[in-house]
> 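Below: one structure in structure tokens.
Please read these numbers as outputs of a predicted model, since none were measured by experiment. Naming convention: chains lettered A, B, ... in sequence-line order (proteins, then strands); numbering from 1 in each chain.
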Amino acid sequence: MPGARGLNRLDADGWAALVLLGLCAVFLSNLLRSEATGAYVTSATLPIAVVMVMAGLSALLLAGSVLRMRRAPPAGARRPGATRGLNWRVPALVAWLIAYVAALPWVGYLLASGGFLIGAGLLYGNRRWGVLLVSALVLPGLLLVFFEKVMIVLLPSASLWN
Amino acid sequence: MEFLLQGVAEVASIQVFALLSLGLVVGIVIGSVPGLNVPLAVAIALPITFNVEPIAGLAMLVGIYKGGTYGGSLTAVLINVPGTPAAAATAIDGNELTRQGKAGKALKMSLYASVIAEIVSDIALIAFAIPMAAFALRIGPPESFSLGIFALTLVGVLSQGNMVKGLIAAALGLFLSTFGVDPLSGEFRLTFGQRQLAGGWSFIALVIGVFAIAEALSILDANLAQIRQKGALRLSDPDHCLDRDDWRRSLPVIGRSSVIGVFIGAVPGLGSAVSAYLNYGLSRSLSREPDRFGKGAIEGVAAAEAGNNAVTSSTFVPLLTLGIPGDVITAIMLGAFIAHGLVPGPALFEQQGPFVAGFFLMIVAASVLHLVIGRLGMYAFVQTTRVSNPVLFPAVLVLGVTGIFVSTSSYFDVYVMIGFGVMGYLMNRLGFPIAPLLIGFILGPLIEIGLRQAAIIGRGDMTIFLTRPISAVFLACALLTIVVVGWREYTDRRKRRIPRQEERKT
């Protein structure tokens, strides 16, 4: 299909603009359905105005991307940041971070943070187990003492073994 | 002068200086940790102050406030992770200097600009408290709206050559600030049925996400696993010392940013982040070499830090003269005053003259001690440049998660922080500047509340923004900024186009 082929040729800016336009449509439909109140300027006026502006600017970004696509620059002329592939470690670290936060209420602050530090250190390429273990023990311990004893703020405790 | 001498007996005690120093150290540490905020530290320290003399207790709170406001710049400069939202403006040029191997220079300018601005703010509080309070009272909703619009036009300055992306980022920030309960009608907006979104997006989660998490992901993406600084960093090395040229560029900027910051601090509800960004943007737009900004301009660090710290004493203007706290920190301090039987307001000056004089002297002493403690602490903080990224960034992530949890006690906000982190990482990758996003988020409530309240005051007549002189001045400044920035953008494009056309001809 020519449309799909055209989309494939869009650069990263074009894709970003399309995502933004989609988000604008979702938010605009939500705002238009809401019962806005207020004298002269309602509670929905500013959000709607901002979404419209954002949609207009995204359309401009998309237009720029389409123009660049038509000019079809040589592959070498493309910006490296926008076209290089995603390093697998990035989504892995995000997933590890989510797993860490999810584990906090279950296994407690010390264990979850220690585990996270070791895993994240390995993802960053640290292979010195001594350093990994020391950081996993010392940092969460120090933070726990600082917050719970000095600042009197409770950190998550392990509900799994009460 | 006679008035101030009354206060010498109040402050001349070891207890006052010990608690002031302790407050400064705690403030600098708390301010430098992403996620931990100054209001939290002041609130926790509040009960401690009940058991000591009123001036000693307040000294500790002032120390935490001043130290915390400055402390955010340390991690902003060293690892591009601002400890406080206001320090995000410092990170733009400060971290760039660190990448160029000039961390000491950025840290020193950050400290000296902060202390100079604090002293200017102290003098303004002592000498002009009452006229400044009168000025602050003239800043109503139309003026707040116009000031917000003026500050927003500086987004163009901070867009770093890509106006469309900068404006999209600013609009996104502005839009994100409108989520949650409407501040005027109490109506739910854009919550999608989520109870946790009733209070809107957490600002601290946004800041840590788009800076700390995004930076950690970018470092991982770029495989920058090396040790950043080999060997001990010596602050006396020429690369880490401020030279004549640095001072020549920075002193006028510090002077201007301090004065503007003092006025912003005196107006309730604006705060240090608005001041830092406004001054950074203004300094860039007024600079003869705007291209230096964002690439390690020492005057950029000076503008942001002077603007940030100039508010610290002037926020006491509405508190002491009118009994109105201008922000969360002064609201907590109002509690400390009342707990000691002191009621801020005009009567405080008449009934508790020696105490007020002592308070003024203590605030000046805090600025001087800040210089000493900040200079000593710099040796310790600068050592973070020796820690390798694989050790440093996992620790930064744990600190970020811990900080958000401690500040908000909400797992939802921790997930929000991760989401904003991914967004910040993608924005960095796609060339969208982060600063306009934060400016939009900070200015959103100011602009919206100002607009709607002004519309009510003017009974729907929007010329109110032009008929009120201060508001009209701010709008004129906004227009001027648009013209100047637009003209610069146009001439820059022409400069870029001419060599390209010549290339084609040849």
> Does B:Phe465 CZ have over 12 foreign heavy atoms under 6.0 Å away?
yes
> Name the region of B:Leu190, side chain, backbone, both or neither, that has any atom closer than 4.5 Å to a heavy atom of chain A.
both
> Aromatic rings A:Phe27 and B:Phe179: how do their planes relate, parallel, tilted or perpendicular, breaks at 30° and 60°?
perpendicular
> Where do B:Lys165 and A:Asp13 come nearest, in terms of heavy atoms and distance?
NZ-OD1, 2.8 Å
> In terms of heavy-atom pairs under 4.5 Å with chain B, which of A:Leu123, A:Leu104, A:Leu60 leads?
A:Leu104
> side-chain contact (heavy atoms from CB on, under 4.5 Å) with A:Val145: which residues, sequence neighbours excluded?
A:Lys149
> I'd like to check B:Met462 versus A:Val41 (side-chain heavy atoms, cut-off strictly below 4.5 Å). Are they in contact?
yes
> What part of B:Phe405 gets within 4.5 angstrom of chain A, counting heavy atoms only: side chain, backbone, both, or neither?
side chain
> Hey, does the side chain of A:Tyr124 reach the backbone of B:Ala216 with a donor-acceptor pair shorter than 3.5 angstrom?
yes
> Test side chain to side chain contact (heavy atoms under 4.5 Å, CB included) on B:Val398 and A:Tyr100 and set out the steps.
CA-CA 9 Å; B:Val398 168; A:Tyr100 163 46; 3.9 Å; yes
> Heavy-atom pairs under 4.5 Å with chain B: which of A:Asn126, A:Val90, A:Val51, A:Val50 has the most?
A:Val90
> For B:Asp221, is there any backbone N or O sitting under 3.5 Å from a side-chain donor or acceptor partner on A:Arg89?
no
> Tell me, side chain or backbone of B:Ala45 under 4.5 Å from chain A's heavy atoms, or both, or neither?
neither
> Counting neighbours of CZ on B:Arg459 that are heavy atoms of other residues, nucleotides or ligands and sit closer than 6.0 Å, is the number greater than 12?
no
> Is there a side-chain contact between A:Ser43 and B:Arg452 in this structure, where contact means two heavy atoms from C-beta onward sitting under 4.5 Å apart?
yes
> Taking A:Leu143, A:Val53, A:Leu20, A:Leu97 one by one, which has the highest count of heavy-atom pairs under 4.5 Å against chain B?
A:Leu97
> At a 4.5 Å cut-off on heavy atoms, which part of B:Ile30 comes close to chain A: side chain, backbone, both, or neither?
side chain
> Identify which of B:Asp182, B:Asn428, B:Val26 forms the greatest number of heavy-atom pairs closer than 4.5 Å to chain A.
B:Asp182
> Between A:Asn87 and B:Ala222 (side chain of the first, backbone of the second, donor and acceptor by atom type, cut-off under 3.5 Å), is there such a pair?
no
> Of the backbone (N, CA, C, O) and the side chain (C-beta and beyond), which part of B:Phe432 lies under 4.5 Å from a heavy atom of chain A, both, or neither?
side chain
> For chain B, which candidate among A:Ile98, A:Val101, A:Leu46, A:Leu61 shows the most heavy-atom pairs at distances under 4.5 Å?
A:Val101
> For chain B, find which of A:Trp88, A:Phe146, A:Tyr109, A:Trp96 contributes the most heavy-atom pairs closer than 4.5 angstrom.
A:Tyr109
> Give, as side chain, backbone, both or neither, the part of A:Ser58 having an atom under 4.5 angstrom from any heavy atom of chain B.
both
